[in-house]
Amino acid sequence: MKTLQKVSIIFLLLFLTSCSNDDEPTPNTPLYNEENPLQSFLTTSGFNQQTMEQTATNDLLAGLSFKPTVTGKINSLLVKLPVINNNLKVTIWDNATGNLLRQEIVNVTSANTEIATQITPLQLEKDKIYVISMQTNTAFVRYRTDQANASFPITAGNIQILSYREGTNTTTIPNDNYYNLYAGDCIFKFQQTE
């Protein structure tokens, strides 16, 4: 009988210790909304005032240099072109090293329509500078009516846009900065994580 009591006590103790963690409250981790900085950038810069379609002879890299003001991640890419392009390369670069961090192929199935492409989330560090670019020969060129430079950096939510970037070498980070126009549209959905 004493052996049965001892075994029962041991089982009871094991049961109680295994359940004790379930009673602890779980930390309340906030879930942040996704942000698309493009419209705020276009409005603040004035690059929403004039738009034209432009086609170049050869492909180039067109995009933005930016930095997140908080730690977060890119969950999807957003592209809008004046033409269909079923093989649009969108690349995210580390500005400091020039290294390619991620390259995705976006299937632009319809002209003049924003195309969203989900990606495996790409983690971004707070205050680190990145570049997003697309390889294309046709894009919307957006600028101010007076064709003046915008005042950079431009804060759009938790993203600071530092400049429009362009490059003719399609295998290296675009390095030519422009402040009086934006050729796009190539952006992302960003979500703060902490």
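Side chains are part of it too, since the values below use all heavy atoms of this structure and drop only hydrogens, waters and symmetry mates. A quick note: this is a predicted structure, and the numbers were derived from the prediction, not measured.
How far CG of L81 is from SG of C186: 8.5 Å, rounded to the nearest 0.5 Å. Distance check: L101 CG to Q123 CD gives 12.0 Å after rounding to the nearest 0.5 Å. Here the CG-CZ distance, from D185 to F41, works out to 10.0 Å after rounding to the nearest 0.5 Å. The distance from the CZ atom of R144 to the CG atom of L42 is 12.5 Å, given to the nearest 0.5 Å. Going from atom CE of M134 over to atom CD1 of I132 covers 9.5 Å, rounded to the nearest 0.5 Å. Considering CZ of R142 and OG of S45, their distance stands at 10.0 Å, rounded to 0.5 Å.
Alongside I105, the hydrophobic cluster contains no other residue (criterion: ILVMFWY side chains under 4.5 Å). Think of L100 as one node in a network of Ile, Leu, Val, Met, Phe, Trp and Tyr side chains linked at under 4.5 Å; its network also takes in L61, W93, V131, I173.
Scanning both residues, T69 and K126, for their nearest heavy atoms gives O-CE, 3.2 Å. In terms of heavy-atom proximity, P30 sits nearest to Y32 at CG-OH, 3.5 Å. Here the closest heavy-atom approach between residue N95 and residue R165 is recorded as OD1-NH2, 2.8 Å.
The side-chain heavy atoms of N48 and T43, taken from C-beta on, include a pair separated by under 4.5 Å. Looking at E194 and V70, their side chains never come closer than 4.5 Å, going by heavy atoms from C-beta outward.
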Please set out all donor-acceptor pairs under 3.5 angstrom arising from side-chain atoms of residues 156-163, sequence neighbours excluded.
unit_1 : atom_1 : unit_2 : atom_2 : d
N158   : ND2    : E35    : OE2    : 2.6
S163   : OG     : S65    : OG     : 2.9
S163   : OG     : N177   : OD1    : 2.6

Please tabulate, for side-chain N and O atoms in residues 52-60, each donor-acceptor pair with protein atoms closer than 3.5 Å (sequence neighbours left out).
unit_1 : atom_1 : unit_2 : atom_2 : d
T55    : OG1    : T138   : OG1    : 3.3
D59    : OD1    : N137   : N      : 3.3
D59    : OD2    : Q135   : NE2    : 3.4

Should I84 and V108 be marked as a side-chain contact (heavy atoms from CB on, under 4.5 Å) after you check the CA-CA gap, both sets of side-chain angles, and the distance that decides it?
CA-CA 5 Å; I84 293 172; V108 180; 5.6 Å; no
For Q191 and N33: C-alpha separation, side-chain torsions, deciding distance, then whether side chain to side chain donor-acceptor pair (under 3.5 Å) applies.
CA-CA 6 Å; Q191 185 176 31; N33 292 326; over 6 Å; no
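L38 and F140 end up in different hydrophobic clusters when Ile, Leu, Val, Met, Phe, Trp and Tyr side chains are linked at under 4.5 Å.
In terms of the ring-ring contact (aromatic ring centres under 6.0 Å, His included) criterion, F190 has no residue partners (sequence neighbours excluded). Partners of Y179 under the ring-ring contact (aromatic ring centres under 6.0 Å, His included) rule, at least two apart in sequence or in another chain, are F152.
If you check the side chains of E34 and N75, you find a donor sitting under 3.5 Å from an acceptor. Checking T109 against N107 by side-chain atom types alone, no donor-acceptor pair falls below 3.5 Å.
Annotation: N87, atom CG; neighbour count of heavy atoms from other residues, nucleotides and ligands within 6.0 Å is above 12.
E114 places no side-chain N or O within 3.5 Å of a backbone atom of V79 that could act as its donor or acceptor partner. Within the 3.5 Å criterion, the main-chain N or O of E125 finds a donor-acceptor partner in the side chain of Y130.
You'll find the ring centres of Y164 and F47 outside the 6.0 Å limit.
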